[in-house]
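What follows is a set of notes on a single structure, which appears directly below.
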Amino acid sequence: MPELPEVETIRRQLDTVLPGKEIKDVVVFKDKSFGGNSSSLVGKEIERVRRRAKIVEIWFRGWEKLVVIHLKMTGQLVYLADDGMRVVGGHPSADWVADLPNGHTRVVWDFTDGSKLFFNDMRIFGWMKIVDREKYEKERMGVPDVTDKEFDFKYLKLVLSKSGRAVKLVLTDQNKIGGIGNIYANDSLYLAGVSPVRKANSLGDREIRELRKAVVEVILRGIKFGGSSAADEKYVNAFGQKGKYQEHFLVYEKAGQVCKRDGEKIRRGRLGGRSMFYCPKCQN
DNA sequence: TGCCCCCTGCAG
DNA sequence: CTGCAGGGGGCA
């Protein structure tokens, strides 16, 4: 599902094609998927595309509002140039892109140059909404992204020391750290050699340092490989292509396979209603 | 802090 | 047909 690396991949791509585009029309197929008055977007020119944690932000020239988008688990943001299959700069699209809109398309933006932006979301958990610039900027204060320099040893230590919950639950708590979801939390904990069920406040300084390093490394690897499109996942990037990080999973979806560090079998368990993958031997 | 729920598709 | 998948909001 879209976590920071997937959302960042989409953001980077959209930021190469959307700035300068003017919105001609916004078609909302599913009311639940769009918050605000969609017609107020007509005539607006996109300035840039940014990201905060797992949220895509679309900023407009000279407008006091912006559009924020959360893909939740099955959301997709797909850009389609007016020439259909040939998208941009030699990025070939998956075949299905040519068939957009499809049965899961919830919102479509039509630009004056004929290109389009599709918001697809099978499970309708995601959303796209218009928010007030000032109010939004005030709200997003205080919680650093994994990619922010504020996410340092001191910060992670502070956050972990304040919680008696399992460390994996704290890592994925978006009110404490922005951007980590289930896949990257599992892989980070494995890389750091820390058990996902360890009480957050029981980690020592050395472990916290290792964990911070591992989280950053795993997230950056995720971005490098364009995010992950695991077995039953819907993630595709803004040009309709799958990610490649699933080819580099450390433990996620690897239950039964052998741990490269010690030969023990990777296990699957459940924690906080989510799957957890870990090596019972080298994660303590 | 923990648990239910939003929703759809698919495996069993 | 039931159960599961899961980000995160809401509510005990």
Side-chain angles (χ1 to χ4, degrees), chain A residues 1-11 28-35 51-57 68-77 96 101-107 118-129 131 135-136 139-140 142-146 159-189 196-202 215 218-219 222 227-236 243 245-246 249 251-256 267-278:
Chain A
M1 15 268 99
E3 302 180 30
L4 191 153
E6 289 75 24
V7 177
E8 175 62 13
T9 301
I10 290 170
R11 183 204 71 78
V28 177
F29 292 104
K30 198 79 178 174
D31 287 342
K32 194 174 179 291
S33 302
F34 194 97
R51 177 190 60 76
R52 176 74 191 173
K54 304 176 190 173
I55 294 172
V56 176
E57 308 167 356
V68 286
I69 301 155
H70 200 306
L71 302 172
K72 292 293 179 85
M73 271 105 54
T74 57
Q76 303 173 330
L77 270 183
W96 63 267
N102 60 39
H104 295 133
T105 300
R106 310 304 180 192
V107 183
F118 295 85
F119 175 38
N120 305 324
D121 184 19
M122 187 179 85
R123 289 179 199 165
I124 322 179
F125 282 4
W127 40 254
M128 170 182 271
K129 62 185 177 190
V131 295
K135 210 181 289 175
Y136 176 74
E139 278 170 15
R140 60 179 243 183
V143 180
D145 266 36
V146 170
V159 159
L160 293 178
S161 67
K162 280 199 294 201
S163 174
R165 308 173 77 198
V167 59
K168 177 168 180 280
L169 299 178
V170 179
L171 285 183
T172 54
D173 185 340
Q174 302 302 304
N175 294 314
K176 299 192 168 70
I177 304 164
I180 310 171
N182 203 28
I183 294 173
Y184 297 95
N186 276 296
D187 275 9
S188 299
L189 286 160
V197 299
R198 270 282 292 287
K199 293 230 181 295
N201 56 16
S202 76
V215 165
V218 165
I219 290 283
S228 61
S229 302
D232 57 349
E233 284 173 30
K234 297 291 163 213
Y235 169 72
V236 291
Y245 180 71
Q246 68 277 10
F249 283 159
V251 284
Y252 189 77
E253 287 192 335
K254 284 192 173 280
R267 285 196 199 155
R268 176 185 188 137
R270 277 188 86 70
L271 176 65
R274 255 108 216 160
S275 299
M276 115 183 123
F277 298 87
Y278 62 101

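These numbers come from a predicted model, not from an experiment. In the text below, chain A, chain B and the rest are named by the order of the sequence lines, each starting its count at 1.
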Whole angstroms only, please: what is the [atom1]-[atom2] distance between [X] and [N]?
{"X": "K176(A)", "N": "dG9(C)", "atom1": "NZ", "atom2": "P", "result": "13 Å"}
{"X": "K168(A)", "N": "dG8(C)", "atom1": "NZ", "atom2": "P", "result": "13 Å"}
{"X": "F277(A)", "N": "dA5(C)", "atom1": "CZ", "atom2": "C1'", "result": "11 Å"}
{"X": "L271(A)", "N": "dA5(C)", "atom1": "CG", "atom2": "C1'", "result": "16 Å"}
{"X": "Q174(A)", "N": "dG6(C)", "atom1": "CD", "atom2": "P", "result": "15 Å"}
{"X": "I180(A)", "N": "dG8(C)", "atom1": "CD1", "atom2": "C1'", "result": "15 Å"}
{"X": "W127(A)", "N": "dC7(B)", "atom1": "CH2", "atom2": "C1'", "result": "17 Å"}
{"X": "N186(A)", "N": "dG7(C)", "atom1": "CG", "atom2": "P", "result": "10 Å"}

Those residues that, when tested against [X], pass side-chain hydrogen bond (donor to acceptor under 3.5 Å, both in side chains) (two or more places apart):
{"X": "T105(A)", "result": "N102(A), N120(A)"}
{"X": "R11(A)", "result": "E8(A)"}
{"X": "K168(A)", "result": "N182(A)"}
{"X": "S228(A)", "result": "E6(A)"}

**Request:** Could you check which of dG7(C), dC6(B), dG2(B) has an atom nearest any side-chain atom of R165(A)?
**Result:** dG2(B)

**Item:** Closest nucleotide among dT8(B), dT1(B), dA5(C) to the I124(A) side chain
**Value:** dT8(B)

**Asked** Any side-chain heavy-atom pair from L4(A) and Y184(A) closer than 4.5 angstrom?
**Response** no

**Message:** Does any part of the side chain of V28(A), heavy atoms only, come nearer than 4.5 Å to the side chain of S33(A), both counted from C-beta?
**Reply:** no

**Residue list, ring pair (Phe, Tyr, Trp, His ring centres under 6.0 Å) with H70(A), at least two apart or on another chain** = W127(A)

**Request:** Could I get the full list of ring pair (Phe, Tyr, Trp, His ring centres under 6.0 Å) partners for F249(A), not counting sequence neighbours?
**Result:** Y245(A), Y252(A)

**Prompt:** Considering residues at least two apart in sequence or located in another chain, which fulfil the side chain to side chain contact (heavy atoms under 4.5 Å, CB included) criterion with T172(A)?
**Reply:** I180(A), A185(A)

**Prompt:** Taking atom types as they are modelled, is there a donor-acceptor pair under 3.5 Å from the base of dG8(C) to the side chain of R274(A)?
**Reply:** yes

**Comparing K30(A) and A166(A) on DNA chain B - which has the more 5′ nearest nucleotide** = A166(A)

**Prompt:** Does D121(A) pair with K30(A) as a salt bridge, N-O distance under 4.0 Å?
**Reply:** no

Students often get this wrong, so: under 4.0 angstrom with heavy atoms, is [X] touching a base, only sugar-phosphate, or nothing?
{"X": "T172(A)", "answer": "nothing"}
{"X": "R106(A)", "answer": "nothing"}
{"X": "S275(A)", "answer": "sugar-phosphate"}
{"X": "G164(A)", "answer": "sugar-phosphate"}
{"X": "Y235(A)", "answer": "nothing"}

**Asked** Is the backbone of A53(A) close enough, under 3.5 Å, to the side chain of R51(A) for a donor and an acceptor to pair up by distance?
**Response** yes

**Item:** Residues which pass salt bridge (Lys or Arg N to Asp or Glu O under 4.0 Å) with K254(A), listed by chain and number, not counting sequence neighbours
**Value:** none

**Prompt:** Residues in salt bridge (Lys or Arg N to Asp or Glu O under 4.0 Å) with R198(A), at least two apart?
**Reply:** E207(A)

**Prompt:** Going by ring centres under 5.5 Å and near-parallel planes (under 30°), is F125(A) stacked on dG7(C)?
**Reply:** yes

Between protein and nucleotides 10-12 of chain C, what N or O pairs are separated by less than 3.5 Å?
none

**Message:** Based on the rotation axes of five pairs at each end, what angle does the helix from dT1(B)-dA12(C) to dG12(B)-dC1(C) bend through, to 10°?
**Reply:** 50°

Check nucleotides 9-12 of chain B against the protein and report each pair of N or O atoms closer than 3.5 Å, with its distance, or say if there are none.
{"unit_1": "dG9(B)", "atom_1": "OP1", "unit_2": "H104(A)", "atom_2": "NE2", "d": "3.2"}

**Request:** Respond yes when some side-chain nitrogen or oxygen of K54(A) is under 4.0 Å from OP1 or OP2 of dG8(C), and no when none is.
**Result:** yes

